[in-house]
Amino acid sequence: GALVYQYPRRTICKSGTSMRMECQAVGFQATSVAWYRQSPQKTFELIALSTVNSAIKYEQNFTQEKFPISHPNLSFSSMTVLNAYLEDRGLYLCGARDWGGYEQYFGPGTRLTVL
Amino acid sequence: QQQVRQSPQSLTVWEGETAILNCSYEDSTFNYFPWYQQFPGEGPALLISISSVSDKKEDGRFTIFFNKREKKLSLHITDSQPGDSATYFCAARIGTNAYKVIFGKGTHLHVLP
């Protein structure tokens, strides 16, 4: 079956420092990877969408300078939160889809705490 | 307007009852609607989904009813179990961007034994 792994599951960083998180798809080819942030109130915010052979598209209020993303192959993606501050806290979710697939599968998320 | 609205925000039912979770949208380009189930500390798991060409999708105790004209859909959970207690998210895929999915704010379901 289609599985998505994320690591680390939890991380704590000091305000102003950076943190990298990873996403791995197993059992299918992740031609599309979407990174979301889920707030403590459970609201989802789409950060960016990365599709093979296309430029990474960032949503309003999110930039490559703050959330650089790498999607080097069909099974792996990473995102870094640069200069993290309190408002960057939340659960960062990776959702992956394969070619022609309707379904988007999520990993368990990386919970970021900023001190 | 690219929004997905869910109601109620919280729902409590007794074990064995049917829980009804509602979802609505405004953007007519939405053409596919997955529902996700999320337990505390975990990522959302795909539960059931429906395409806009269908008006009903059933999978075991979970059924989606879809009214395209009114831009409404609902998730019915029959014979609710305490293990169904979770947050349920209605989502919508934008037809013009096959990879973009918009989430509602969720309905927190409590099933009492």
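Numbers restart at 1 for each chain; the letters A, B, ... are given by sequence-line order, proteins then strands. From a predicted model like this one, the values you see are computed outputs, not experimental measurements.
- A continuous path of hydrophobic side-chain contacts links A/Val26 to A/Tyr7 [ILVMFWY only; heavy atoms under 4.5 Å].
- Within the 4.5 Å cutoff, the side chain of A/Leu91 has no heavy atoms near those of the B/Glu42 side chain.
- Taking each heavy atom of A/Tyr36 and B/Val101 in turn, the nearest pair found is OH-O, 2.9 Å.
- Transitive grouping of hydrophobic side chains (ILVMFWY, heavy atoms separated by less than 4.5 Å) brings B/Leu46 and A/Leu46 into a common cluster.
- Hydrophobic clustering (ILVMFWY, side-chain heavy atoms < 4.5 Å, transitive): A/Leu82 and A/Phe67 are in distinct clusters.
- In this structure the side chain of B/Pro34 never reaches within 4.5 angstrom of the side chain of A/Gln104, judged on heavy atoms.
- For the atom pair A/Arg97 CZ and B/Arg93 CZ, the distance stands at 5.0 Å (nearest 0.5 Å).
- Closest non-hydrogen pair, A/Glu103 versus B/Ser49, comes out as OE2-OG, 3.1 Å.
- Neither the backbone nor the side chain of A/Arg10 comes within less than 4.5 Å of any heavy atom of chain B.
- Heavy-atom contacts from other residues, nucleotides or ligands closer than 6.0 Å to CD of A/Glu87 number more than 12.
- Comparing A/Cys94, A/Pro108, A/Ser39 by how many heavy-atom pairs each has under 4.5 Å with chain B, the most go to A/Pro108.
- Across every non-hydrogen atom of A/Gly107 and B/Pro44, the tightest pair is O-CD, 4.5 Å.
- Put simply, B/Leu73 and B/Ile102 are part of the same group of oily side chains (I, L, V, M, F, W, Y) that touch within less than 4.5 Å, one to the next.
- When the shell of 6.0 Å around CZ of B/Phe65 is examined, it contains more than 12 heavy atoms from other residues, nucleotides or ligands.
- Around NZ of B/Lys105, the count of heavy atoms belonging to other residues, nucleotides or ligands within 6.0 Å does not exceed 12.
- There is no contact between A/Glu45 and chain B, counting heavy-atom distances below 4.5 Å.
- Note on ring orientation: taking the six-membered ring where Trp is involved, the planes of B/Phe103 and A/Phe44 are parallel (angle under 30°, cut-offs 30° and 60°).
- Atom CD of B/Glu70 is surrounded by more than 12 heavy atoms from other residues, nucleotides or ligands within 6.0 Å.
- B/His108 is not listed as a side-chain neighbour of A/Lys42, based on a closest heavy-atom distance of 4.5 Å or more.
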